[in-house]
Amino acid sequence: KDVILPLEQLMVEKEGYLQKAKIADGGKKLRKNWSTSWIVLSSRKIEFYKESKQQAVSNVKTGHKPESVDLCGAHIEWAKEKSSRKNVFQITTASGNEFLLQSDIDFIILDWFHAIKNAIDRLPKD
Ligand code: I3P
C-alpha cells in the first residue's frame, strides 16, 4: 500500500546535532536535562531524535517516532538567563511546550536560530 506524504513533510530545510533540553510540557515545568539531539527542521515542524542520524533513519523505517514540534504559532527567543551555558535559545510552542537549544559554536547556533525564525515567520500564526 502506498503512503502519501504531504510535500512539505519531505522538504527538510536543515538538520544537525544540537544540545537540547525540554523545560516545559503543556505549560508544566520539567526538570532540565540536556542531551544531544539530532534535529530536523522542515517548513512547519521540527523533529527531535534522541539518537544519531543513522539510528533515526532506521527507527523511521521501523515506525519509531521522534518528538515532533509544530511551529505554527510558536515563538523563538534568545534565553541567556535560562542557562549557565552560552548560545542558548528557547522555542515555545502554541501548546506550551518549551525547548532550549544550545551549541558552543557561535555560527552553528546563529544559523539554527535564523532558520527556525524564518520558518516560524513564514507560517500562519494559528
Ligand atoms: C541541572 C543541570 C543543568 C543546569 C541546571 C541544573 O541540575 O546541572 O545542566 O542547567 O541549572 O539545575 P540537575 O542535573 O541536578 O537537574 P544549565 O546547564 O543550563 O545551566 P538551572 O537549574 O539553573 O537551570
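When a ligand or atom number is given, it counts from 1 through the structure's own listing order. Reckoned from all heavy atoms, side chains included, excluding hydrogens, waters and symmetry mates.
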Tell me the residues surrounding ligand 1, counting only those with a heavy atom closer than 4.0 angstrom, sorted by chain and number.
Arg31, Lys32, Trp34, Ser83, Ser84, Arg85

Aromatic ring proximity Trp78/Phe113, centre distance under 6.0 Å
yes

side-chain contact (heavy atoms from CB on, under 4.5 Å) between Ile109 and Asp104, intermediate numbers included
CA-CA 8 Å; Ile109 203 70; Asp104 285 338; over 6 Å; no

Start with the C-alpha gap between Ser103 and Gln19, add the side-chain angles, then the distance that decides, and say whether side-chain hydrogen bond (donor to acceptor under 3.5 Å, both in side chains) holds.
CA-CA 6 Å; Ser103 169; Gln19 296 299 307; over 6 Å; no

Same apolar cluster (I L V M F W Y, side chains within < 4.5 Å links), Ile76/Val88:
no

Distance-only donor-acceptor hits, side chain of residues 24-34, under 3.5 Å, sequence neighbours excluded:
unit_1 : atom_1 : unit_2 : atom_2 : d
Asp25  : OD2    : Lys22  : NZ     : 2.7
Lys29  : NZ     : Glu98  : OE1    : 3.1
Lys32  : NZ     : Lys82  : O      : 2.8

Between Ser42 and Met11 the two heavy atoms that sit nearest each other are CB-O, 3.3 Å

